[in-house]
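Data block below; observations after.
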Amino acid sequence: MRKKQTTLAVAAGAALLVPACYAAAAPQPPAEEDVKSPTTAAGSAVAPAREGTVRAADLLAATRSCRQVSRGKFRTDDGARADVPVCATRGAVFWKADMDIDCDGRPGKACNRRTDPLFQPATAFQQSDGRHLDAENLPYVVVPGPSRRWNHTEHGVTGGTVAAVVHRDKVHYAVVGDTGPTDLIGEASYATARALGINPDPRTGGAGSDVTYILFKGPKAQPIESHRAAVARGDELARQLVASN
């Protein structure tokens with residue numbers, strides 16, 4: 001598992017730099033997208049991994065070729081070889097890596113100091129009421145903190161940017177919700193992992209190097225904490241990506 005000791009410091013800095021503003025409200029998807037999972041803590045909605053109208057195979061085909069935009073490559077874990085580039089295609093940036101579990105943000109039954117020794121009560125980006133995000137219930141992905149190697153803000157990636165996370169034949173939509181160490185990549189929230197059928201345990205969970213993270217340029221989820229909005233935006237942007245690549 002990745003060591004996240006530096007995450008809180010990066011998150012705090014990013015929170016000061018990023019304005020709390022988002023694009024216009026997203027159109028509402030069909031009501032079934034808002035069905036609550038019976039295993040979700042606090043009754044928050046986490047949609048099934050089979051979301052939207054775009055197949056995993058089509059998204060993977062659209063991101064088959066890598067035009068590297070990062071100045072260097074990232075490691076997936078401390079001590080691993082730096083071999084993951086950030087790539088760009090028309091309408092998105094993407095990378096293919098593993099998935100480590102981010103449990104940071106508001107504490108809950110599954111994400112707290114007891115379940116995760118590296119737990120931090122803060123995320124780089126906050127929801128519309130100013131509270132930190134809820135990794136246990138909100139699908140979000142983590143981007144490396146800004147550095148000379150790659151600065152996500154230069155590519156229009158900020159809090160609320162919509163992402164499609166592809167694992168095997170499953171697609172799940174998420175938002176950019178946190179930042180991590182500047183040299184590591186491949187991390188998503190507890191809720192993202194659970195929705196994709198990946199073990200979400202922050203100590204022992206995660207997945208190998210078969211996860212694709214696609215971050216769309218364009219309208220963001222509004223508000224950031226609305227998974228319903230992320231699905232609506234994500235499905236629209238995914239269709240555009242597949243059509244143009």
Side-chain angles (χ1 to χ4, degrees), residues 1-23 25-26 36-37 39-47 99-146 152-153 157-163 165 172-182 184-195 198 200-203 205-206 213 215 220-231 233-234:
M1 292 296 293
R2 167 180 311 170
K3 295 181 180 178
K4 298 186 293 180
Q5 286 91 332
T6 59
T7 302
L8 182 59
V10 174
L16 293 174
L17 293 173
V18 178
C21 59
Y22 302 97
K36 293 182 179 180
S37 165
T39 60
T40 298
S44 298
V46 175
M99 181 183 288
D100 291 328
I101 308 303
D102 189 319
C103 238
D104 295 340
R106 299 208 312 274
K109 292 181 179 179
C111 291
N112 53 64
R113 295 189 187 280
R114 179 182 57 81
T115 60
D116 181 4
L118 301 175
F119 175 80
Q120 301 289 352
T123 50
F125 306 104
Q126 291 76 50
Q127 58 184 45
S128 56
D129 62 2
R131 292 190 297 169
H132 291 287
L133 302 183
D134 180 358
E136 195 170 309
N137 294 301
L138 179 67
Y140 70 71
V141 300
V142 181
V143 297
H152 58 271
T153 63
V157 175
T158 60
T161 289
V162 179
V165 187
H172 198 67
Y173 292 102
V175 292
V176 171
D178 204 359
T179 58
T182 59
L184 298 177
I185 204 165
E187 189 173 6
S189 69
Y190 181 102
T192 307
R194 180 181 58 196
I198 296 169
D201 189 291
R203 293 176 183 260
Y213 301 79
L215 279 56
K220 296 173 173 45
Q222 156 69 28
I224 189 174
E225 67 269 21
S226 172
H227 182 63
R228 187 180 174 92
V231 174
R233 290 292 192 198

Closest contact, heavy atoms only, [X] versus [Y]:
X      : Y      : value
Val162 : Lys220 : CG2-C, 4.2 Å
Lys109 : Glu136 : N-OE1, 3.2 Å
Ile224 : Gly159 : CD1-C, 3.9 Å
Asp116 : Cys103 : OD2-CB, 3.5 Å
Ala174 : Ala230 : O-CB, 4.2 Å
Pro121 : Arg113 : CD-NH2, 3.7 Å

Set of side chain to side chain contact (heavy atoms under 4.5 Å, CB included) partners for Ala163, sequence neighbours left out: Val141, Leu215
When you measure from the side chain of [X] to the backbone of [Y], do you find a donor-acceptor pair of N or O atoms at a distance under 3.5 Å?
X      : Y      : result
Asn112 : Gly108 : yes
Asp104 : Thr123 : no
Gln222 : Ala229 : no

4.5 Å side-chain heavy-atom contact, [X] and [Y]:
X      : Y      : answer
Asp178 : Glu187 : no
Tyr140 : Asp102 : yes
Phe119 : Pro107 : yes
Thr179 : His152 : yes
Arg203 : Thr115 : no

Approximate separation, where rounding is to 0.5 Å, of [X] [atom1] and [Y] [atom2]:
X      : Y      : atom1 : atom2 : result
Ile198 : Asp100 : CD1   : CG    : 10.5 Å
Gln127 : Asp134 : CD    : CG    : 8.0 Å
Met99  : Tyr213 : CE    : OH    : 4.0 Å

His227 and His172 aromatic ring geometry - parallel, tilted or perpendicular at 30°/60° bounds: parallel
Tyr190: partners by side-chain hydrogen bond (donor to acceptor under 3.5 Å, both in side chains), with sequence neighbours left out: none
For Arg131, all residues meeting side-chain hydrogen bond (donor to acceptor under 3.5 Å, both in side chains), sequence neighbours excluded: Asp129
